[in-house]
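Everything numeric in this text was worked out from a predicted model, so none of it was measured.
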Amino acid sequence: MNCEQCQKRPATFHFTKIINGEKTEINLCEQCAQEQGELFTFNHSPSFSINNLLAGLFNSNPFLKKSSQDENLGMLQCHTCGMTFTNFLKVGRFGCSGCYSSFKEQLTPIVKRLHSGNAVHNGKIPERAGGVFQTRKKIETLKTTMQKLVEAEEFEKAAQVRDEIRSLENKLKEGGE
């Protein structure tokens, strides 16, 4: 397969980009890949690390390039370890687990971009243990729904959801699915 850009040399780099579920593939030779810019220059760089890759992802976020935001981001600091968001962008890793909650607002758009627009992981449930787990998950979902109904003062609907939760909880206690 030849390089898609120069059509002369064999393609040795194969890049796949998925944005909002739309998959784009490009095949380039080494020379064209290096000409594409910093994104492709990591292949022979001895100083490349995952931290550099992550820091590059964060710095390429358009949300972070707004100059009015730069001052606020520079002052943003973890309440546990004291790491600033600017320092996190330079280092490419957090100082502690508290950084996740301190920088949650800034991380959400980045996580969405990395995961094709998704910011919540639902996971999969093993088939042989699926019944109990699915019932527990349904109960949690119903509890959230009931709370929203109570806040909206829709008490009749909330009572119906409460009864459904009790029914599911009784099934779990009895050992049924």
Side-chain angles (χ1 to χ4, degrees), residues 14-26 39 49-66 68-69 72-177:
H14 309 281
F15 298 99
T16 303
K17 185 189 329 184
I18 302 173
I19 298 176
N20 293 331
E22 206 170 303
K23 185 175 176 181
T24 307
E25 294 183 16
I26 186 167
L39 179 64
S49 69
I50 294 298
N51 295 340
N52 293 342
L53 175 66
L54 291 174
L57 285 171
F58 292 121
N59 288 329
S60 67
N61 187 356
F63 170 78
L64 299 174
K65 290 185 178 179
K66 296 177 183 172
S68 62
Q69 296 285 335
N72 295 337
L73 292 176
M75 297 178 71
L76 192 60
Q77 191 172 12
C78 175
H79 59 278
T80 307
C81 69
M83 175 177 263
T84 64
F85 190 71
T86 306
N87 193 26
F88 162 66
L89 291 175
K90 289 177 188 171
V91 175
R93 64 174 177 244
F94 287 133
C96 70
S97 61
C99 292
Y100 290 97
S101 58
S102 297
F103 305 134
K104 182 179 181 180
E105 245 182 76
Q106 290 70 33
L107 295 175
T108 302
I110 295 166
V111 170
K112 282 184 176 182
R113 192 177 76 216
L114 290 172
H115 294 282
S116 304
N118 297 318
V120 177
H121 176 70
N122 293 326
K124 293 184 180 179
I125 298 173
E127 284 183 29
R128 62 191 147 157
V132 174
F133 287 118
Q134 287 177 348
T135 304
R136 287 182 184 159
K137 190 171 183 176
K138 178 153 179 128
I139 290 171
E140 291 302 315
T141 304
L142 288 172
K143 284 181 179 180
T144 304
T145 303
M146 184 177 69
Q147 184 63 34
K148 288 178 183 176
L149 289 170
V150 169
E151 289 172 5
E153 297 182 4
E154 296 184 32
F155 300 114
E156 292 86 13
K157 291 180 183 178
Q160 291 173 349
V161 173
R162 179 203 60 209
D163 294 340
E164 189 176 348
I165 291 171
R166 286 182 181 164
S167 171
L168 291 171
E169 286 175 340
N170 287 336
K171 283 184 183 178
L172 282 178
K173 287 179 184 175
E174 294 170 3
E177 293 184 16

Looking only at non-hydrogen atoms, find the nearest pair between [X] and [Y] and report the distance.
X    : Y    : answer
A158 : V150 : CB-CG2, 3.9 Å
G98  : H79  : O-CE1, 3.8 Å
C81  : C78  : N-SG, 3.5 Å
M83  : N87  : CE-ND2, 3.9 Å

Nearest 0.5 angstrom please: [X] [atom1] to [Y] [atom2], how far?
X    : Y    : atom1 : atom2 : result
R136 : T141 : CZ    : OG1   : 14.0 Å
K137 : I139 : NZ    : CD1   : 13.5 Å
L107 : F88  : CG    : CZ    : 5.5 Å
L142 : D163 : CG    : CG    : 11.5 Å
C99  : Q77  : SG    : CD    : 9.5 Å

Answer yes or no: is there a side-chain heavy-atom contact under 4.5 Å between [X] and [Y]?
X    : Y    : value
L149 : T145 : yes
L76  : Q106 : yes
E164 : K138 : yes

For K23, the side chain to side chain donor-acceptor pair (under 3.5 Å) test, sequence neighbours excluded, returns E25
Residue set satisfying side chain to side chain donor-acceptor pair (under 3.5 Å) with K157, at least two apart, ordered chain then number -> E154
Under the salt bridge (charged side-chain N to carboxylate O under 4.0 Å, His left out) test, which residues partner K143, sequence neighbours left out?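 Residues passing salt bridge (charged side-chain N to carboxylate O under 4.0 Å, His left out) with K143: E169.
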| task | Check whether more than 12 heavy atoms from other residues, nucleotides or ligands sit under 6.0 Å from atom OH of Y100, and answer yes or no. | result | no
Query raised in the report: Would you find more than 12 non-hydrogen atoms of other residues, nucleotides or ligands less than 6.0 Å from E151 atom CD?
Result: yes
